[in-house]
Amino acid sequence: MGRSLNLKELTRETPPLGPGHRLCAGCTASAIVRLVLMAADRPVVVVNATGCLEVATTVYPYTAWNMPWMHNAFENAAATVSGIEAAYRVRMRRGELREPLYFVAFGGDGGTYDIGLQSLSGALERGHRFVYVCYDNEAYMNTGIQRSSSTPLGSWTTTTPVGSVTVGKSTRRKDLTAIISAHRIPYVAQCAISHHMDLMRKARKAFDATGPAFLNILSPCVPGWRIEPSDTVRVSQMAVDTCFWPLFECEEGKLRVTVQPKEKKPVQEYFQIQGRYRHLLRPEHEALVAKMQQEVDQDWQRLKEGRIL
Amino acid sequence: MQQETRTLTGNEAVALATKQLRPHVVAAYPITPQTGIIETFSEYVSNGEVDTELVLAESEHSAMSICVGAAAAGSRVATATSSQGLALMAEIVYIAAGMRLPMVMAVTNRALSGPLNIHCDHSDSMMVRDSGWIQIFCRDAQEAYDSILIATRLSEKQSVRLPAMVCYDGFFVSHNLTPVQILTDESVFSFVGPFKAGVDLLDTLHPATMGALALQNYYLEFKRAQAEAMRQALDWAPQIQEEFRLVSGRSYGMFQQYRLEDAQLVLIALGSVSRTAEVVVDRLRSAGWKVGILAPRFYRPFPRAELSSALVGKRAIAVLDRADSCGAFTGPLGLEVKSALFDHGVTVPVWNMIYGLGGRNITEQDIEGIFFQLLKIVQTGTAPPEDADYFGVREGPAEAGGSQKWVEVSTLRN
Amino acid sequence: MQTELGSGVDFYVNKAIGSAMESPGVEAIGAELVEVRWHGRGGQGAVTGAKILARAATKEGLWIQAFSEFGPERRGAPVLAFNRIGANEIRTYAPVEEPDVVVVIDPALLERAVLRGLKAEGWLVVNTPFSPRQVARNVSFSGTVATLDAAAVSREASLPPLANIPMLGALAAATGLIQRSALEEAVFETFRASLGEETARKNVRAVNLAWSQVRIGHYLDPGSTEEENECALPSWQELEPGGTLYQPGSARDYLTGMWRSSYPLFKREECNDCLRCWVFCPDTSIMTNEGKVTGIDLQYCKGCGVCAAVCPRDALKMVPEN
Ligand code: SF4
Ligand code: SF4
């Protein structure tokens with residue numbers, strides 16, 4: 001179906017998101033955007049929730065986007081894309097438009113897990129045909145690294161500091177992918193930037209879906225995760241290798257793990273390459289790390305058995 | 001001028017007008033007392049009477065966000081809300097105006113919480129009066145119907161491109177069944193015309209970026225341009241309303257006036273109360289009083305100059321506000337009128353009253369009383385209080401031992 | 001006073017430290033209100049520098065402001081921080097347009113643009129191994145220039161190469177705005193709270209080293225600076241309603257290459273055209289032709305090093321700028 005996902009051929013095309021944007025050096029959000037959009041075989045209209053990606057790519061009078069793009073507010077990307085998609089449907093019906101289009105909304109974890117969850121849930125339930133992409137960097141990075149409901153247990157952020165009484169975030173992250181799949185939409189998947197072909201194949205399936213589709217993509221963040229700019233892809237790879245961020249898809253309700261690590265690594269290996277977890281390596285936090293390992297193992301087991309919850 | 005008289009509630013009249021616009025997208029969330037609009041419109045869609053994408057959002061915030069998306073995607077958009085719904089969408093109300101997206105929204109005016117109250121006042125519309133939306137206040141269902149059509153034309157005017165609110169009183173108008181003159185579908189559509197998009201996000205040959213970040217070096221210019229658009233609305237409204245008169249026979253100004261010309265005592269008010277006041281004016285006129293009414297129709301843009309010159313030579317004015325501007329000690333309409341008069345050098349005593357909040361009744365007798373007060377101000381030469389009065393509010397400590405006022409009628413009989 | 005670096009040119013004067021030290025405080029540079037603008041990049045501590053300066057000034061009983069300019073830029077992008085220091089209450093909250101002092105904590109940012117608004121008789125304090133005179137000539141500035149090799153100071157103080165604290169020392173030593181003791185106290189307290197006593201002590205040492213190593217100079221006969229070309233922005237009448245932009249990809253006019261401090265060196269002969277670098281480069285700076293990598297677009301490359309990290313061969317290697 002459609003054009004191939006051959007990288008060599010894709011290099012000939014205008015990139016959906018061009019250079020001159022002001023994302024951090026090493027930021028993974030822009031590559032995520034390009035990979036998702038390159039998987040589409042029709043023109044795409046993009047909606048962007050407020051966040052790093054939006055702010056850094058469209059500083060008036062500049063835009064880094066090479067396709068129709070709109071930002072409305074923080075919590076309403078899904079509602080905004082609903083409106084655009086509704087307009088598209090009626091204009092097609094009335095013969096005012098001919099060209100088949102795809103619709104994508106990008107939001108960070110702040111705009112998706114938290115402030116925009118209601119709007120997203122509404123749009124999914126209404127059945128608009130669009131792909132929602134959460135580039136999940138596990139905290140509010142646009143305002144300077146504050147915890148979100150995607151921030152993992154134990155992780156440092158500026159609002160979950162490592163102090164003498166509390167140590168990083170004290171609660172588990174929300175399982176958004178599962179929540180979304182409970183909407184019984186045709187396609188839901190978890191992706192990681194390090195696994196770019198897996199990501200593009202999933203994006204293609206999301207575009208082809210007969211209704212709303214959702215991609216949750218891990219997006220390592222240089223300042224927020226306290227990692228080196230050059231390390232973003234390696235950290236993403238480690239998230240998958242430890243099963244801390246498992247890659248799977250849920251197609252018409254059928255769950256399938258798409259990337260099976262050759263050798264499942266202990267979570268410590270993921271923690272030790274990121275400053276936000278460094279404190280967890282201290283002996284006094286052994287129990288916490290063991291607990292986290294246990295949670296990862298249980299989740300992984302469940303996924304392998306084909307259950308999302 | 002083929003027209004049909006139907007008996008409709010304000011909400012039904014608005015739903016009908018909305019249908020006649022042939023909007024591409026209507027997105028809404030039900031709220032008392034607006035719900036009737038959405039129910040009626042849903043029936044139109046359900047019966048195939050209009051080819052509109054009706055998006056039943058999960059909140060008003062999303063409803064307005066959907067409207068913004070749809071308007072950006074080259075479509076004619078309509079919605080409706082009230083009170084808390086408008087409060088919830090307020091963030092996006094500003095964005096719709098800032099992005100210069102035409103659309104029309106009916107606001108059935110209702111009090112804002114808290115405490116919770118479902119009845120009429122104008123606090124909801126007033127809360128977003130600075131948002132950059134055109135605001136038209138209607139006195140009855142006929143005006144609400146007509147104003148949906150006029151607002152759409154004005155909103156879509158290329159030099160304006162601002163969203164517009166059509167405000168009318170919750171329950172008093174929204175739920176009141178009255179005769180309404182209805183234009184044919186054809187004459188409505190030839191009046192509003194097919195939608196011409198100022199921007200079209202779906203034009204992939206000319207990819208637009210909408211909603212970019214404008215910092216210190218640009219934001220101010222965008223706001224200045226928005227102010228100019230409002231001025232354009234002020235300039236174009238009379239012409240569009242004149243065109244509407246030619247289609248409908250009904251004529252509208254920036255404000256409506258009733259026996260104002262030679263009036264010495266003037267009452268200024270928004271909404272249905274200004275119709276009630278007409279009855280009082282007639283009564284007082286037949287007793288020889290020179291009284292009249294000015295009912296601003298456009299609150300945004302506010303016709304400052306025209307209003308001021310209509311008030312030259314008046315002896316005393318009462319401005320009735322169905323909303324408060326807490327801490328200004330004057331209601332929003334009072335502030336507007338006083339500032340316009342001051343700027344145009346019109347000196348006349350202005351008495352401001354906050355009335356009818358949360359749907360509190362105001363009767364013909366009450367209005368008569370207000371004219372009496374105005375007369376007193378003129379006769380005694382005393383200035384009206386600087387701060388607004390709260391009309392009809394219970395004052396002072398509750399009366400002790402109310403039972404002593406109780407009269408057993410039976411004991412008086414014999 | 002000494003003459004310039006043995007060059008024999010006597011129109012440039014290298015001042016002894018603390019011409020201002022005799023009368024520390026705001027009067028030191030002869031003004032009631034002193035405005036300072038810091039130029040750094042996200043993550044280099046310009047904002048922290050401004051805050052510590054404010055704390056130190058408070059200790060001297062001065063009125064202060066410390067604030068920064070928030071843009072959409074992310075880590076690595078240029079940032080501005082500001083101070084106002086005065087003997088009396090400062091009531092203006094307007095942005096600093098004409099600073100008395102400009103501090104440049106990232107040497108790569110030194111270009112004429114940093115002089116914007118800087119008073120002709122003001123101070124330019126720069127992190128650079130070059131001499132004040134070289135800097136003055138480089139950016140054609142007629143006021144006083146102070147330079148410090150902050151990296152050398154950090155090394156000597158066994159600190160990571162963060163320039164803000166050494167530059168704080170240089171700023172205070174050169175201008176005499178703040179006494180050394182007040183600054184030391186403020187530095188110590190700040191770092192003890194966040195990073196412990198040992199780090200705090202090292203930072204105090206950095207202040208001391210900076211104090212003694214800063215070099216200061218100015219022209220004997222102040223020349224005139226060149227007029228800057230302010231490029232005119234459009235008026236409100238000229239803007240597209242609602243801010244819609246119709247030039248897709250126009251951000252290519254905004255060159256992010258200046259954020260870079262190292263760049264990827266590409267060896268064509270090692271490359272197997274797997275395109276991993278092209279996939280992951282956040283700034284679409286891997287140039288290709290017919291599916292083959294041809295080089296790096298240094299106009300935009302931010303020097304993140306992702307390409308070199310993901311390259312399975314030895315085709316990409318990060319090397320420092322210059
Ligand atoms: S260092 Fe490499 S990956 Fe990073 S911006 Fe430059 S070319 Fe792209
Ligand atoms: S990653 Fe290395 S080998 Fe692969 S295309 Fe880039 S430079 Fe060539």
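Because the structure is predicted, anything quoted here is derived from the model rather than measured. Proteins get letters first, then strands, A, B, ... in listed order; numbering begins at 1 in each. FYI, side chains are in, hydrogens and waters are out, and symmetry mates aren't considered; it's all heavy atoms of this structure.
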Chain A contact via [X] - side chain, backbone, both or neither, heavy atoms under 4.5 Å:
X        : value
C:Val310 : side chain
C:Asp297 : neither
C:Leu245 : side chain
C:Arg260 : neither

Discussion item. Just to be sure I understand the criterion: a residue of residues 189-203 of chain A counts if one of its heavy atoms is under 4.5 Å from a heavy atom of chain C. Which ones qualify?
Written reply: A:Ile193, A:Ser194, A:His196

Fill in: From CH2 (A:Trp69) to OG1 (C:Thr244), nearest 0.5 Å
11.0 Å

Fill in: Distance, nearest 0.5 Å, that separates CG of C:Leu275 from NZ of A:Lys8
5.0 Å

Item to complete: Any salt bridge (charged side-chain N to carboxylate O under 4.0 Å, His left out) involving residues 308-317 of chain C? Give me the pairs, sequence neighbours left out, ordered by first then second residue.
Response: none

Item to complete: Go through A:Arg12, A:His21, A:Gln237 and name the one with the most non-hydrogen pairs under 4.5 angstrom from chain C.
Response: A:His21

Fill in: Top contributor to chain C interface from A:Pro19, A:Pro68, A:Gly18 [non-hydrogen pairs under 4.5 Å]
A:Pro19

Worksheet, complete the sentence: Minimal heavy-atom distance between C:Cys274 and A:Leu7, with the atoms involved, is O-CD1, 4.3 Å

Response to the item:
Tightest non-hydrogen contact, residues C:Ser250 and A:Pro61, listed as OG-O, 3.6 Å

Response to the item:
Sorted by chain and number, sequence neighbours left out, ring-ring contact (aromatic ring centres under 6.0 Å, His included) with C:Phe82 holds for C:Phe67

Worksheet entry | Portion of A:Leu35 that has a non-hydrogen atom of chain C nearer than 4.5 angstrom | side chain

Worksheet entry | Within residues 280-296 of chain C, residues adjacent to chain A where the heavy-atom gap is under 4.5 Å | C:Phe280, C:Cys281, C:Pro282, C:Asp283, C:Thr284, C:Thr288, C:Glu290, C:Gly291

